[in-house]
Amino acid sequence: MWIYVRDLKNHVGEHVELRGWVRNVRSSGKIHFIDFRDGTGFIQVVVEKNNVDEESFANCKKLKMESSVIIHGVVKEDKRSPWGVEVLAERVTPVQIPQEPYPINKPDHGIEYLMERRHLWLRSKRQFHIMMVRNEVLKAIRNFYWERGFVQIDTPIFTGAIGETAGNLFELDYFDYGKVYLAQTGQLYLEAACLAYGKVFNLGPTFRAEKSKTRRHLIEFWMNEAEVAYYEHEDNVRLQEELVSYIVRWVLEKASDHLIALGRDLKKLEKVEPPFPRITYTEAVKLLQNNGFDIKWGDDFGGDEETFIASQFEKPVFVTHYPRKAKAFYMQPDPNNPEVVLCDDLLAPEGYGEIIGASQRIHDYDLLVERLKEFNLPIEAYDWYLDLRRWGSVPHSGFGLGVERTIAWICGLEHIREAIPFPRTLYRVYP
RNA sequence: UCCGGCGUAGCUCAAUCGGCAGAGCGCCUGGCUGUUAACCAGGUGGUUGCAGGUUCGAGUCCUGCCGCCGGAGCCA
């Protein structure tokens, strides 16, 4: 019976078939130890000369790193194995044996070498654990919304009208239509959808043509956005802290082995429960000024400033009520102070930066037109967006969560590029 | 785009003041019934990123170019 490594603990004493790959092989003449993986986990297979047919034993001598093999054997509990369980082979059948040495054979390769071989690097243990966490994060996000009656709305990747800011959009030719752009947000479409279906979310890739070269940036990254009709600023902030705590709790529950394997300190993640601390932009500026930062009211925060603010708290922290001139055109002004808007950024702890950008959206037609003009945006292109304020407009709010930044933070990664299977960074689209 | 750093064997790195191009790993051969980056013995490996310059002599110094890494700005 074909069994996956993940399930071997439930088959102790049984004869099983494993289909997978050789990670490494060690030999002591009459005994071979195969580090075996099948995509669900890693296990040691022991091949003793007296326990297998001659052909199988001879086959083991030919095995190299990343040979594909089918193993028949018995599952044994064994204290000598770090997994508690190992497989004593009865037959070893190679599927393919490489003709050349496997390029990733030691844990001391440079990043350029590994990035050039990302298609093989993904097989490594550390990358396996990260991708398993990513998988759970994606499941958690969808589950969170579906449990709460949200509708998944897949927003387009080709967009005609521009999203937020021109200049950092990827431009393409769209047959005879002319120029279109790769989406840098699905927000405007989600706003349309929330007026149709109430509570909506998306989950997909977005693109920023920014020549950013930092550990927090990708050119192509995944974003989860949500938009809710009749939600105002306060409802929006609560939804965000519930989402982020839900994701962290889910991963702790379903994937803590992977986090431990990655060397993550789980205690730091266990603290991530609502409510999250909040400070206003104005308070944050004072905090920074009192700590020697050269910043004045109206400036946006840089990486160092964000890291400092986040370092004052053990949980993610909301920074709210930014100056309207520092933010996008569609944000609703604060009725108590029209110079600031009803928005928030969520800063992750430990220097992982902004993981959420959020706001209540302008629902008044005239105000929105005024802002479009103020930001020098082409009103014609936003005609359909303005329609949303012509018929049945209501207060509504939403946000965007950076999926890879969230994963990088939860896993404790040095660099965001490991949080996505095939990262697109500045100057790299291979493989 | 700007600032800084790096480029030597398949990989990771050494090479003192400018003076013989080195090591570990990988790979090949042999040995070993409890290995965990296995170990032991032997073998294999070079256009020092590219182009030019200084010098008796350049991996090392100078100029230009290319590539990569880190950071800034911008953002999630």
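Letters A, B, ... mirror the listed sequences (proteins, then strands); counts begin at 1. Just the heavy atoms: all of them, side chains too, but no hydrogens, waters or symmetry mates, feed the values below.
Tested against A:His11 for a side-chain hydrogen bond (donor to acceptor under 3.5 Å, both in side chains), the candidates A:Glu14, A:His15, A:Lys9 yield a single pass: A:Glu14.
Between the CG atom in A:Asp345 and the CD atom in A:Glu354 there is a gap of 3.5 Å [rounded to 0.5 Å].
At distances below 3.5 Å, not a single donor-acceptor pair connects side-chain atoms of A:Arg324 with backbone N or O atoms of A:Val340. Between the side chain of A:Asn202 and the main chain of A:Glu225, a donor-acceptor pair closer than 3.5 Å is present.
Side-chain contact check for A:Tyr145 and A:Gln152: no donor-acceptor pair (N or O, by modelled atom type) lies under 3.5 Å. Judged by distance alone, the side chains of A:Thr282 and A:Trp297 do bring a donor and an acceptor atom under 3.5 Å apart. Side-chain contact, A:His396 with A:Gln360: no donor N or O sits under 3.5 Å from an acceptor N or O. A:Ser27 and A:His32 share a side-chain donor-acceptor pair at under 3.5 Å. For A:Asp344 and A:Gln240, the side-chain atoms include at least one donor-acceptor pair closer than 3.5 Å. A:Ser359 and A:Arg361 share a side-chain donor-acceptor pair at under 3.5 Å. Side chains of A:Thr206 and A:Glu220: no donor on one and acceptor on the other come within 3.5 Å.
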List, with names and distances, any nitrogen or oxygen atoms from the protein found under 3.5 Å away from nitrogen or oxygen atoms belonging to nucleotides 2-12 of chain B.
residue, atom, partner, partner atom, Å
B:rC11, O2', A:His109, ND1, 2.5
B:rU12, OP1, A:Gly110, N, 3.0
B:rU12, O4', A:Asp108, O, 3.2

What N/O pairs connect the protein and nucleotides 45-50 of chain B at under 3.5 Å? Give each pair on its own line.
none

Dump every N/O contact between nucleotides 30-33 of chain B and the protein below 3.5 Å, one line per pair.
residue, atom, partner, partner atom, Å
B:rC32, N3, A:Ser27, O, 3.4
B:rU33, OP2, A:Ser28, O, 3.2
B:rU33, OP2, A:Lys30, N, 3.2
B:rU33, O4, A:Asn50, OD1, 3.4
B:rU33, O4, A:Asn50, ND2, 2.3

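A cation-pi arrangement, defined by a distance under 6.0 Å to the six-membered ring centre and an angle within 45 degrees of its axis, is absent between A:Lys64 and A:Tyr102. Both tests do not hold together for A:Arg278 against A:Phe276: distance to the six-membered ring centre under 6.0 Å, angle to the ring axis within 45°. Both the sub-6.0 Å distance and the 45° axial angle are not jointly satisfied by A:Arg117 relative to the ring of A:Trp121.
Comparing the same atom, C1', in B:rA14 and in B:rG7 gives a spacing of 15 Å after rounding to whole Å. For the P atom pair drawn from B:rC50 and B:rA9, the interatomic distance equals 11 Å after rounding to whole Å. Comparing B:rA41 with B:rC17, their P atoms sit 34 Å apart, to the nearest whole Å. The separation of B:rG45 from B:rC28, taken at their P atoms, amounts to 15 Å, rounded to a whole angstrom. Taking atom C1' in both B:rU47 and B:rC56, the straight-line distance is 24 Å, to the nearest Å. When the C1' atom is compared between B:rU8 and B:rA23, the two are found 13 Å apart, to the nearest whole Å. B:rC75 sits 47 Å from B:rU16 when the C1' atoms are compared, rounded to a whole Å. Comparing B:rA15 with B:rU60, their P atoms sit 14 Å apart, to the nearest whole Å.
Among the heavy atoms of the strands lying under 4.0 Å from A:Glu112 are primed sugar atoms or P, OP1, OP2 only; no base atom is included. Contacts of A:Arg216 with the nucleic acid, taken as non-hydrogen atoms under 4.0 Å apart, include base atoms. Using a 4.0 Å heavy-atom distance criterion, A:Arg428 is classed as making no nucleic acid contact.
Annotated as syn: B:rC17, whose O4'-C1'-N torsion sits within 90° of 0.
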**Q.** 5'-to-3' dot-bracket of RNA chain B (Watson-Crick, G-U; under 3.5 angstrom; crossing pairs as [ ]; | other strand)
**A.** (((((((..((((.....[..))))((((((.......))))))....(((((..]....))))))))))))....

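Ranking B:rA72, B:rG34, B:rC75 by closeness to the A:Thr214 side chain, first place goes to B:rA72. Nearest nucleotide to the side chain of A:Phe221, out of B:rC74, B:rA76, B:rG34: B:rA76. Counting only heavy atoms from C-beta on, A:Lys64 has its side chain closest to B:rC28 among B:rC28, B:rC75, B:rC27.
Each of A:Asp304 and A:Leu88 was matched to the nucleotide of RNA chain B holding its nearest heavy atom; the match closer to the 5' end belongs to A:Leu88. Residue whose closest nucleotide on RNA chain B sits further toward the 5' end, between A:Arg405 and A:Met65: A:Met65.
Counted within 6.0 Å of CD on A:Glu314, heavy atoms from surrounding residues, nucleotides or ligands total 12 or fewer; the atom is thus considered open.
For the OP1/OP2 pair of B:rC74 and a distance below 4.0 Å, the side-chain nitrogens and oxygens of A:Arg208 include no atom meeting the criterion. Contact check, A:His217 against B:rA72: no side-chain N or O comes under 4.0 Å of OP1 or OP2.
The separation between A:Tyr430 atom OH and B:rC68 atom P is 14 Å, rounded to whole Å. As a whole-Å value, the separation of A:Asn168 CG from B:rA76 C1' is 12 Å. Computed from coordinates, the A:Leu426 CG to B:rC69 C1' distance equals 12 Å when rounded to whole Å.
A distance of 6.0 Å or more separates the ring centres of A:Phe150 and A:Phe144.
Using cut-offs of 30° and 60° for the angle between ring planes, the A:His109 and A:Tyr113 rings count as parallel. In this pair, A:Phe170 and A:Phe207 present their aromatic rings perpendicular. The plane angle is above 60°, beyond the 30 to 60° band.
Between the base of B:rG34 and the side chain of A:Glu86 there is a donor-acceptor pair shorter than 3.5 Å. Evaluation of atom-type donor-acceptor distances gives no pair under 3.5 Å for the side chain of A:Ser212 against the base of B:rC75.
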Q: Report the C-alpha separation of A:Tyr330 and A:Gln187 in whole Å, then their side-chain angles, then the decisive distance to 0.1 Å, and conclude whether the side chain to side chain donor-acceptor pair (under 3.5 Å) test is met.
A: CA-CA 11 Å; A:Tyr330 49 70; A:Gln187 182 200 314; 2.9 Å; yes

Q. Checking salt bridge (Lys or Arg N to Asp or Glu O under 4.0 Å) for the pair A:Glu242/A:Arg238: CA distance, chi angles, key distance, verdict?
A. CA-CA 6 Å; A:Glu242 277 177 34; A:Arg238 282 216 195 105; over 6 Å; no

Q.
Would A:Asp300 and A:Tyr322 count as a side chain to side chain donor-acceptor pair (under 3.5 Å) here? Give the steps.
A. CA-CA 9 Å; A:Asp300 213 340; A:Tyr322 280 70; 5.1 Å; no

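Taken residue by residue, residues 129-148 of chain A places no heavy atom nearer than 4.0 Å to RNA chain B. For residues 347-357 of chain A, proximity to RNA chain B is found at A:Glu354, A:Ile355, A:Ile356, A:Gly357, defined as any non-hydrogen atom under 4.0 angstrom from a strand atom.
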